[in-house]
Number of protein chains: 2
Amino acid sequence: MSKVHPHSPTAPESRDSLFLRAMNLLKTAGYKKTIHRETLVRFFLVNPGPLTSEDIQKRTKGLDKVTIYRSLASFESAGLLRKIDFGDGLLRYELNLNDGEHHHHVICTQCGRVDVIDHCEASPVSHIEAQTGYRSIRHSLEFFGLCPQCQ
Amino acid sequence: MSKVHPHSPTAPESRDSLFLRAMNLLKTAGYKKTIHRETLVRFFLVNPGPLTSEDIQKRTKGLDKVTIYRSLASFESAGLLRKIDFGDGLLRYELNLNDGEHHHHVICTQCGRVDVIDHCEASPVSHIEAQTGYRSIRHSLEFFGLCPQCQ
DNA sequence: ATGTGTGCAAAAGCTTTGCAATAAA
DNA sequence: TTTATTGCAAAGCTTTTGCACACAT
């Protein structure tokens, strides 16, 4: 259901290096190295998401649903993944190995296709902080429309 | 749970006029006038939201949960309300009697307070359309942080 | 009179939790 | 050996659906 069209075909860091870095993040966060976690990390390196737990279960046969949910929670807390909510009742997870650079998505409301928008163009956080008095602000920004194929 | 701090203390249009306009939108959309719907419309005029179904049920005693859900759906389809998703598993609804001007929110991750951000500063839709080929784009943008009281 | 709205109960759907068995360090 | 992880089943939660009765036009 979640077809994802990647934006950056050439990765600057090798997959092996990313894998090691990811496993290290898990270790640092106090998580043990298990076969399932390795499988899931490798899976996300190839399919960076955003993916639902169902997407993941279908494409990594043999993994229990609960194991997936718990792994996703660990990965998020270790900083490997970030959770995304498109507002359709399903949680999605996306690879997040470059914390700094965040991006957003356009979701096709017809077919569910997801594309990445490279540059974040939301209002500067400093501006919102000044206007509202809030601090430590993060934001969630997603676009919805009809993809070229569905128009 | 959803405390909302309004941004615009003075309404340009009288409450009675808004009420009539809202009921007219319902009528135009083919919905009948019922006591519950009138109650809910009046409630939203005083509490523009965003509010969860639980917020609404607590503050309009006597209304059945299912009636609320179905009314909210009618109101949304008639254009009175818009649905908002803060990503916490609860749907919220907000008065939407001025379709044109849309705004966003800052949500306190500690106490749940919600403030309004008047000006939308997301990337122009035309720019996203040109970049992605998507059409009929709408967007969802919410900010999360610590409100002044919770810092 | 006809079709819509309402309320109760039950179902759905995704996500979490409990617990005993298993595996990692 | 001590602590975390896994898998199955069961529970939790919000939201939706079914159906008979009541109400609006």
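Lettering of chains follows the sequences in order, A, B, ..., and the numbering in each one begins at 1.
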Footprint string (nucleotides 18-25 of chain D, 5' to 3'): B base within contact, S backbone only, - free, heavy atoms under 4.0 Å: B-----BS

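- Across C:dC14, D:dT6, C:dT6, the shortest atom-to-atom separation from the side chain of A:Thr67 is found for D:dT6.
- In this structure, CG of B:Asp88 is placed 18 Å from P of C:dC14, rounded to the nearest angstrom.
- Rounding to whole angstrom units, NZ of residue A:Lys61 and P of D:dG7 are separated by 17 Å.
- In this structure, the CZ atom of B:Phe86 is 17 Å from the P atom of D:dT14, given to the nearest Å.
- For the pair A:Tyr93 OH and C:dC14 P, the computed distance is 15 Å after rounding to whole Å.
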Derivation of the side-chain contact (heavy atoms from CB on, under 4.5 Å) call for A:Leu26 and A:Phe75: CA-CA 7 Å; A:Leu26 281 179; A:Phe75 289 8; 3.6 Å; yes

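- Closest-nucleotide positions on DNA chain D for B:Leu90 and A:Asp64 were compared, and the one nearer the 5' end corresponds to A:Asp64.
- Between the side chain of B:His104 and the backbone N or O of B:Leu141 there is at least one donor-acceptor pair closer than 3.5 Å.
- Atom CG of B:Leu91 and atom P of C:dG13 are 16 Å apart (whole Å).
- A cation-pi arrangement is present between B:Arg42 and B:Phe19, with the terminal nitrogen or guanidinium carbon under 6.0 Å from the aromatic centre and inside a 45° cone about the axis.
- Remark: side-chain polar atoms of B:Arg21 are paired, donor with acceptor, to backbone N or O of B:Leu97 under 3.5 angstrom.
- Toward the 5′ end of DNA chain C lies the nearest nucleotide of B:Lys65, the other residue of the pair B:Lys65 and A:Lys83 mapping further downstream.
- Atom CG of A:Leu72 is separated from atom C1' of C:dC14 by 13 Å (rounded to the nearest Å).
- Under 4.0 angstrom from either OP1 or OP2 of D:dT15 there lies at least one side-chain N or O belonging to B:Tyr69.
- Listed for the B:Glu142 side chain is no donor-acceptor partner under 3.5 Å among the backbone atoms of A:Ser140.
- Side-chain atoms of A:Gln151 come within 3.5 Å of backbone atoms of B:Gly133 as a donor-acceptor pair (strictly under, hydrogens ignored).
- Taking all atoms of both residues into account, the shortest heavy-atom contact from B:Pro48 to B:Val46 is CD-O, 3.3 Å.
- The distance from atom CD1 of A:Ile68 to atom C1' of C:dC14 is 13 Å, rounded to the nearest whole Å.
- In this structure, A:Gln57 atom CD and D:dG7 atom P are separated by 11 Å, rounded to whole Å.
- Under 4.0 angstrom from either OP1 or OP2 of D:dG7 there lies at least one side-chain N or O belonging to A:His36.
- Within 4.0 Å of A:Ser53, counting heavy atoms only, lie sugar-phosphate atoms of the nucleic acid but no base atom.
- The side chain of A:Thr52 places no N or O atom within less than 4.0 Å of a non-bridging phosphate oxygen (OP1 or OP2) of C:dC14.
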